[in-house]
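Report on one structure; see the data block that follows.
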Amino acid sequence: MPACAHGRGKANKSAVTVKERKAIVAVIERVPGLESYVYEDQRAAYRNFVKTYADNKALVAATRVSDMPESYRLSMRPKADLDSPSRRLARMPGVAQAYDLGCLSRKARLWSEYGLQKRGSQGCG
């Protein structure tokens with residue numbers, strides 16, 4: 001994603017560098033309330049994608065390993081605040097997005113089951 005480029009030239013402007021990855025891990029490891037984290041490289045992401053969308057042959061055929069993002073999934077203690085670390089991580093070079101998947105799931109459930117939608121980025125506290 002273009003957000004990963006943060007000031008790089010046109011060549012390979014979306015790939016995260018080793019230095020950026022180390023900085024990201026250093027921030028992740030200092031997140032208050034962190035229980036553990038998992039790194040998923042492009043190959044693992046692709047394997048999970050193929051497994052998830054196995055019934056959609058056209059989508060799987062059109063998708064390549066290089067289309068997959070690298071990612072970190074953090075497991076947090078109950079009631080741990082992820083807003084501040086997410087904002088900090090989202091601003092880092094090499095990071096395209098940082099979000100609370102649990103929050104997104106809760107918002108989707110509110111929308112699908114009750115037709116309720118929170119405005120803005122708040123609403124997951």
Side-chain angles (χ1 to χ4, degrees):
M1 296 184 81
C4 294
H6 290 301
R8 290 195 212 126
K10 291 185 181 202
N12 198 18
K13 67 181 191 175
S14 64
V16 63
T17 66
V18 172
K19 183 178 178 180
E20 290 167 342
R21 192 176 291 117
K22 286 180 180 180
I24 292 164
V25 168
V27 169
I28 288 171
E29 289 178 341
R30 291 191 310 265
V31 169
L34 178 72
E35 287 187 337
S36 64
Y37 70 93
V38 174
Y39 170 72
E40 182 178 74
D41 65 14
Q42 287 181 303
R43 290 189 192 285
Y46 182 75
R47 284 191 303 271
N48 291 331
F49 177 84
V50 169
K51 187 186 313 181
T52 300
Y53 295 100
D55 293 339
N56 191 336
K57 304 292 184 202
L59 180 62
V60 170
T63 306
R64 304 284 174 254
V65 171
S66 61
D67 296 327
M68 298 290 105
E70 297 175 11
S71 64
Y72 293 91
R73 284 189 303 281
L74 284 58
S75 295
M76 305 296 293
R77 290 187 192 103
K79 300 187 182 192
D81 176 32
L82 194 54
D83 287 340
S84 179
S86 290
R87 285 192 303 274
R88 179 166 184 213
L89 286 163
R91 291 189 307 263
M92 294 185 71
V95 176
Q97 297 176 323
Y99 54 87
D100 179 348
L101 187 56
C103 173
L104 294 177
S105 296
R106 289 187 298 277
K107 283 183 176 183
R109 183 171 178 223
L110 285 173
W111 175 255
S112 68
E113 291 184 17
Y114 305 105
L116 301 174
Q117 185 174 4
K118 292 281 189 175
R119 302 259 187 248
S121 62
Q122 299 301 316
C124 288

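Quantities reported herein were computed from a predicted structural model and do not represent experimental measurements. Both backbone and side-chain heavy atoms feed into the values below; hydrogens, waters and symmetry mates do not.
- Nearest heavy atoms, G94 versus E20: CA-OE1, 3.8 Å.
- E35 approaches P78 most closely through the heavy-atom pair OE2-CD, 4.3 Å.
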Trace of the side-chain contact (heavy atoms from CB on, under 4.5 Å) decision for L59 with F49: CA-CA 10 Å; L59 180 62; F49 177 84; 3.7 Å; yes
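- For OH of Y39, the number of neighbouring non-hydrogen atoms (other residues, nucleotides, ligands) closer than 6.0 Å is greater than 12.
- Residues L89 and A98 approach most closely at CB-CB, 4.2 Å, considering heavy atoms.
- The minimum heavy-atom distance linking Y72 with V25 is given by the pair OH-CG2, 3.5 Å.
- In plain terms, the two heavy atoms of A80 and G33 that are nearest each other are CB-CA, 4.0 Å.
- Under the 4.5 Å side-chain criterion, counting only non-hydrogen atoms from C-beta, V16 is not in contact with V95.
- Scanning both residues, A45 and P69, for their nearest heavy atoms gives CB-O, 3.7 Å.
- Applying the ring-ring contact (aromatic ring centres under 6.0 Å, His included) criterion to Y37, with sequence neighbours excluded, gives no partner residue.
- Between R30 and R88 there is a side-chain heavy-atom pair separated by less than 4.5 Å.
- A salt bridge (charged side-chain N to carboxylate O under 4.0 Å, His left out) check over residues 56-78, counting only residues at least two apart or in different chains, returns the pairs R21-E70, E40-R73.
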side-chain contact (heavy atoms from CB on, under 4.5 Å) evaluation trace for V31 with M76: CA-CA 9 Å; V31 169; M76 305 296 293; 3.5 Å; yes
Does the side-chain contact (heavy atoms from CB on, under 4.5 Å) test come out yes or no for V50 and T63, once each step is laid out? CA-CA 9 Å; V50 169; T63 306; over 6 Å; no
